[in-house]
Amino acid sequence: VVTYNTLMDGYCLVNEVNKAKDAFNTMTKRGVTPNVRSYNIMIKGYCKIKMVDEAISLFKEMHRKNLVPDTITYNSIIDGLCKSGRISYVWELVDEMHNSGQPPNVITYSSLLDTLCKNNHLDKAIALFKKIEDQGIQPNVYTYTILIDGLCKGRRLKTAQDLFQHLLIEGFHPNVRTYNVMINGLCIEGLLDEAMTLCTKMEDNGCLPDAVTFETIIRALLEKDEKDKAENLLRAMITRGLLKV
RNA sequence: CUCAAUUA
């Protein structure tokens, strides 16, 4: 089973979900019974290429074969449904999670938080974040990054910055993505000097800026016709090997 | 062997 699962996961990773499904069928034919992980891999694979209905049918197939979906199974479909905008079914599944004694975890909530943010339901997102904490679930760096990103894109920079501070106070270590999200937020508001300062600061904090960091700032600089500064950053990228020349 | 977040 492990061998087949690894193979399927590899195919899904490169979006060759049909080949993954072939492997899935082959294992069955050879008398190897797919386990929950096999289904989880296929469900995520289908969600990734937006074939959510296939994912749902596999989910139902699990029930028929008396396989009990675990938290990862739920999280994967919920995330797939969220990303394809089929929110109503999501809430049913969240209820089902509670009823089946596998309550949503921080990852489930991260998916939900992300959709709320991306659909401009910022207030609901903030409420959900509080609800997560109230339930005694520790938000992690992902959770914070998602909400900070939502706040930045919803033009609520101040709140985003407060949350970023809060994250530091709580002793979390922001990673490259967290910084990138904050930097993008500053760029959106045209605060390019602040963005560049934060870029320096992240490096001081032991977090190396990556290509996204630079591209974000460069793009913003060019929009403001700050061609010289942009060029300097481009050179910096080349020096750091972030840009092939 | 399986789940969530960033520029374009």
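Any value given below was found using the heavy atoms of this structure, including those in side chains, with hydrogens, waters and symmetry copies removed. Since this is a predicted model, take the numbers as computed values, not measurements. Naming convention: chains lettered A, B, ... in sequence-line order (proteins, then strands); numbering from 1 in each chain.
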Candidates B:rC1, B:rU7, B:rC3 - which lies nearest the side chain of A:Asn184: B:rU7

Among B:rU2, B:rC3, B:rU6, the nucleotide that comes nearest once only the side chain of A:Val181 is considered: B:rU6

Salt bridge flag under 4.0 Å for residues A:Lys130 and A:Asp134: no

Sugar-phosphate only, base, or nothing, as touched by A:Asn105 at under 4.0 Å among non-hydrogen atoms: nothing

Near-strand residues of residues 143-157 of chain A, defined as heavy-atom separation under 4.0 angstrom from RNA chain B: A:Thr145, A:Ile146, A:Asp149, A:Lys153

Residue A:Tyr142, side-chain heavy atoms: nucleotide from B:rA5, B:rC3, B:rU7 that is nearest: B:rA5

Backbone of A:Arg177 reached by a side-chain donor or acceptor of A:Asn175 within 3.5 Å: yes

A:Lys224 side chain vs A:Gly190 backbone, donor-acceptor pair below 3.5 Å: yes

Interatomic distance, A:Ile183 atom CD1 to A:Ile217 atom CD1 [nearest 0.5 angstrom]: 4.5 Å

Closest listed nucleotide, where the reference is the side chain of A:Asn40 and the choices are B:rU2, B:rC1, B:rA4: B:rU2

side-chain N/O A:Lys118 vs B:rA4 OP1/OP2, d < 4.0 Å: no

Selection from B:rC1, B:rA4, B:rC3 that lies nearest to any side-chain heavy atom of A:Ile41: B:rC1

Interatomic distance where OH belongs to A:Tyr11 and C1' belongs to B:rC1 [whole Å]: 16 Å

Residue-phosphate contact under 4.0 Å: A:Lys83 side-chain N/O, B:rA5 OP1/OP2: yes

Residue A:Asp114, side-chain atoms from C-beta onward, closest of B:rC1, B:rU7, B:rA5: B:rA5

Main-chain N/O of A:Cys207 paired to A:Asn205 side chain as donor or acceptor, under 3.5 Å: no

Interatomic distance, A:Asp9 CG vs B:rC3 P [rounded to whole Å]: 6 Å

Heavy-atom side-chain contact between A:Met97 and A:Ile78 under 4.5 Å: yes

Candidate nucleotides B:rU2, B:rU6, B:rA4, ranked by approach to the side chain of A:Asn180 - the nearest: B:rU6

A:Arg177 side-chain proximity, nearest of B:rU2, B:rU6, B:rC1: B:rU6

Check: A:Ser111 side chain, B:rA4 base, donor-acceptor under 3.5 Å: no

Among B:rC1, B:rU7, B:rA5, the one nearest A:Glu215 by side-chain distance: B:rU7

Aromatic plane relationship, A:His166 with A:Tyr144 - under 30° parallel, 30 to 60° tilted, over 60° perpendicular: tilted

